[in-house]
Amino acid sequence: MNKIFYLDKLNDKQKEAVETLNGPVLVLAGAGTGKTRVLTTRLAHLLNKKLAKPWEILAVTFTNKAANEMKRRVQNLLKIDIERMWIGTFHSTGLKILRRHSELCFLKRDFTVIDTDDQTRLIKQVLELNKIDIKKYTPSNVLWMIQWFKDKAILPEESKKFKFKFGKTLNISKLYIEYQERLKNLNATDFGDLLLLPVKIFRENLEVLKKYQNQFKYILVDEYQDTDTCQDTFLKLLSQKHKNICCVGDDDQAIYSWRGADVKNILNFPDAFKNVKIIRLEQNYRSTDHILAAASKLIENNKDRLGKTLWTNALNGEKLKLHFFEDGKDEAKNISLEIEKLKLKKTKLNEIAILVRASFQTRLFEDRLLKIRIPYRVIGAFRFYERLEIRDAIAYFRIVHKNYDDLAFERVFNTPKRGLGTATLQKIYTFSRDSNMTLLDASRKIVETDELTSNSRSTIKKFIEDIDRWKSKINKINHIELAKVILEESGYTKMWLNDKSIEAPGRLENLKELISALRDFSNMNEFLEHISLVFENERNYDSDMVNIMTMHAAKGLEFESVFLAGWDEGLFPHQKSLEEKGNKALEEERRLAYVGITRGKNNVYISFAKRRFIHGTWNFSQPSRFLSELPKENIDSNEDFFQEEDGFIVDQAEYENRIKNPNRLLFKNKENLLENRNSYNSEYNFKVGDDIFHEKYGYGTIKYIVDGKYEIVFDKLSETKIVLENFIKHA
DNA sequence: AATGCAGCCATTTTT
DNA sequence: TGGCTGCATT
């Protein structure tokens, strides 16, 4: 056995989590407690102690990023053949299994996996076939329903209970069956099926299940709190035999219930297995004391949790800084000033993040940072340019317009298939390195030699001729025409036309979209410039930029300084989650706040804006309730705070202002009064003196009309709240 | 096919 | 406010 050098780097709890190899283990790993280290070390330890062969361990994550990170780190610990291990995302693992048994689901081995776009298209077809009014039930609605149905389909009892609220007019299970039928005919699956079908296979074919149960002697799960019913079932089926399942997660960081994740999976894990060993990792290596204290106090307000308390040796850190701003612009401006200060103190921009609740908030920050020329990247936005066909097409454009682009060359050199394989590429690669040439130039030279087979030689010759011909046209025809020519003559369009797979029409559609996007630019270089910036966001993790993203996207990351913007009641916690019955949604928002705060290593800034211009209207709001849940002793602020009786923090000036001035309400029309919104346009004509009834605050009267907006005074409310919700016109 | 216009909608998004 | 969709027009 190798010397167990890696255990020395662990603390006692971590060591326990690594060394408790047999039986079910639940590792509750708080933010920044070295979760990944434990996971990878545990993997290494299993192999090192020869308890399992590489292929007898299953390790699942949610993202490719996490899976790759795990592979990289295991590789660092042990020199083993990582490719034989089952380390991957839930979906890739499901796919791997499904490929081996596709015939059990009436799929051919080479079935395709469609993306959400294609899924929507398919559903649309099914809806149209059933003569269903797409306006009433949009495909995205039905997509959602189908997803939901899939989740429930995992549990037979649940699916029996299944009665959708549109059930009378819309037979969702019929649509679901037709949709699945359609997928089967196309020899395709959607993302949901990648796990659903393996579970189905396991349930219907005991010998297949047994095979995998025997194979996977040890199972490791990352981010267990994010598993949905299907994923959990998948894991439970596989672990039944050996019961050596180690789930790592943090119930306090469960923020994906809206995507089907069920915190119950982690909360009930100890009941689902016998003799579960629970190990808590509570020593935090990321943040300083005030940050952790504030985060811990905040999360204590949640009832649904297993409970743990983070602690650290990093004492005497900075307090959290609270800032109150007039509006969103003011917030962006001051945060950017603060960033400039940090920059002067030599903080790397990479180590700074602005975290928001909703993606529309990023805009103001982008505007501001662009203006003062601080480089930034927005992480996690949906990107059109990420699609395979778009990337291929752009690679073609790049290779024509910029001859030094090796990545582009590599990408398209056998797309569409020209019969050029890795062997040929390898040779060109070596040649280009030896002669210090680009791949394109190297190919020009290499065809003069007899390095390659005559077949590939003539193919490459043709390929180069094509490229040169397109190049010669750059100044002769406009870039839009040229783009069309390239896609035509390269055979790229034809490739998708000939492609019988279900995604082909969509891809052609996207290519058209790409062409029309070119119209916004006067030449191809301008366009490529723009594109490269878009890609920059992805690739240039090493270049120094401020990070802007949602708190969801920030999970798992850490930064020297973190700006948590928009802690306004209604924005965060989000109105939608306040409207939901019970505390479930609110607790999830609180967990999100917890995730946000615990991203910061040394500095956490939290801000609130009194008004915000959202969707064309001004919104007034109160400070987020989460602000009042932060202990005063861990906070510094730009104003004196005042604790109101009901727990809301407002600053002194605002408090006095509220006593002097009546409550304000902005609204749109009569219908909206019945809605649970907190902002309204001013289209509906109330008169001064109209009575209004509020569920909680009772009767009120419209006292003023200012700027076409209404101010209302409540009879029983002389001070405290600005109330902007739950209004019913007094009959 | 391209364009224009009206109406609708607006939380979080990986695989 | 602004981006998207569906439908009607050129």
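As the structure is a computational prediction, the values presented were derived from the model and not from experiment. Naming convention: chains lettered A, B, ... in sequence-line order (proteins, then strands); numbering from 1 in each chain.
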Asker: How long is the line joining CZ of Phe360(A) and C1' of dG2(C), in whole Å?
Answerer: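 The distance from CZ of Phe360(A) to C1' of dG2(C) comes to 13 Å, rounded to the nearest Å.
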Asker: Does the aromatic ring of His552(A) sit over the six-membered base ring of dT12(B), closer than 5.5 Å centre to centre and tilted less than 30°?
Answerer: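 By the stated criterion, His552(A) and dT12(B) do not stack.
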Asker: Of the nucleotides dG2(C), dT15(B), dT14(B), which one has an atom closest to the side chain of Arg259(A)?
Answerer: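 Side chain of Arg259(A) sits closest to dT14(B).
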Asker: Looking across every strand, which nucleic acid part, if any, lies under 4.0 Å from Phe613(A) by heavy atom: base, sugar-phosphate, or nothing?
Answerer: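 Phe613(A): backbone/sugar contact only, no base atoms under 4.0 Å.
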Asker: For the pair Glu69(A) and Arg72(A), find out whether any cationic side-chain nitrogen is under 4.0 Å from an anionic carboxylate oxygen.
Answerer: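 Result for this pair is yes, salt bridge flagged.
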Asker: What integer distance in Å separates Ile480(A):CD1 from dA1(B):C1'?
Answerer: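 It works out to 14 Å between those atoms.
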Asker: How many Å lie between CG on Asp190(A) and P on dT14(B), as a whole number?
Answerer: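 Rounded to the whole Å, the gap is 17 Å.
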Asker: Which of these, Lys333(A), Arg612(A), Arg611(A), sits in a salt bridge (Lys or Arg N to Asp or Glu O under 4.0 Å) with Asp327(A)?
Answerer: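 That would be Arg611(A).
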Asker: Side chain of Asn64(A) only, heavy atoms from C-beta on: which candidate in dT15(B), dG2(C), dT12(B) is closest?
Answerer: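 Closest nucleotide among those given: dT15(B).
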Asker: Should the pair Asp250(A)-Arg305(A) be classified as a salt bridge under the 4.0 Å nitrogen-to-oxygen rule?
Answerer: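 Not counted as a salt bridge, because no side-chain N and carboxylate O are separated by less than 4.0 Å.
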Asker: Rounding to an integer number of Å, can you tell me how far Ile515(A) CD1 sits from dA1(B) C1'?
Answerer: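 Atom-to-atom, Ile515(A) to dA1(B), this comes out as 14 Å.
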Asker: So which nucleotide from dT11(B), dT13(B), dG3(C) ends up closest to the side chain of Trp258(A)?
Answerer: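 For the Trp258(A) side chain, the nearest candidate turns out to be dT13(B).
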Asker: Taking atom C1' of dT14(B) as reference, at what distance in whole Å does atom CG of Asp228(A) sit?
Answerer: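 Atom CG in Asp228(A) sits about 12 Å away from atom C1' in dT14(B).
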Asker: Step through the shown structure and confirm whether more than 12 heavy atoms of other residues, nucleotides or ligands are within 6.0 Å of NZ on Lys494(A).
Answerer: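 Counting other residues, nucleotides and ligands, NZ of Lys494(A) stays at 12 neighbours or fewer.
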Asker: Evaluate whether atom NZ of Lys236(A) has more than 12 neighbouring non-hydrogen atoms of other residues, nucleotides or ligands under 6.0 angstrom away.
Answerer: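 For Lys236(A), atom NZ is crowded (more than 12 foreign heavy atoms under 6.0 Å).
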Asker: Measure NE2/His91(A) against P/dT14(B) and give the value in whole Å, please.
Answerer: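 After rounding, the gap between these two atoms is 12 Å.
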Asker: Let's see if you can work this out: which of dA10(B), dT15(B), dT11(B) has an atom nearest to the side-chain heavy atoms of His615(A)?
Answerer: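 Ranking dA10(B), dT15(B), dT11(B) by closest atom to the His615(A) side chain puts dA10(B) first.
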Asker: Before accepting this row, confirm whether a basic side-chain N of the pair Asp222(A)/Lys35(A) lies closer than 4.0 Å to the acidic partner's carboxylate O.
Answerer: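 So Asp222(A) pairs with Lys35(A) through a salt bridge.
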Asker: Output the rounded distance in Å from CZ (Phe62(A)) to P (dT12(B)).
Answerer: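 Result: 20 Å.
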Asker: Dot-bracket, DNA chain B: Watson-Crick or G-U, under 3.5 angstrom, [ ] crossing, | other strand?
Answerer: ||||||||||.....
Asker: Does NZ or CZ of Arg259(A) lie under 6.0 Å from the centre of the six-membered ring of Tyr256(A), at an angle within 45° of the ring axis?
Answerer: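 Yes, Arg259(A) and Tyr256(A) form such a contact.
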Asker: Is the phosphate of dT13(B), meaning OP1 or OP2, less than 4.0 Å from a side-chain N or O of Thr550(A)?
Answerer: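 The answer is yes; a side-chain N or O of Thr550(A) sits under 4.0 Å from OP1 or OP2.
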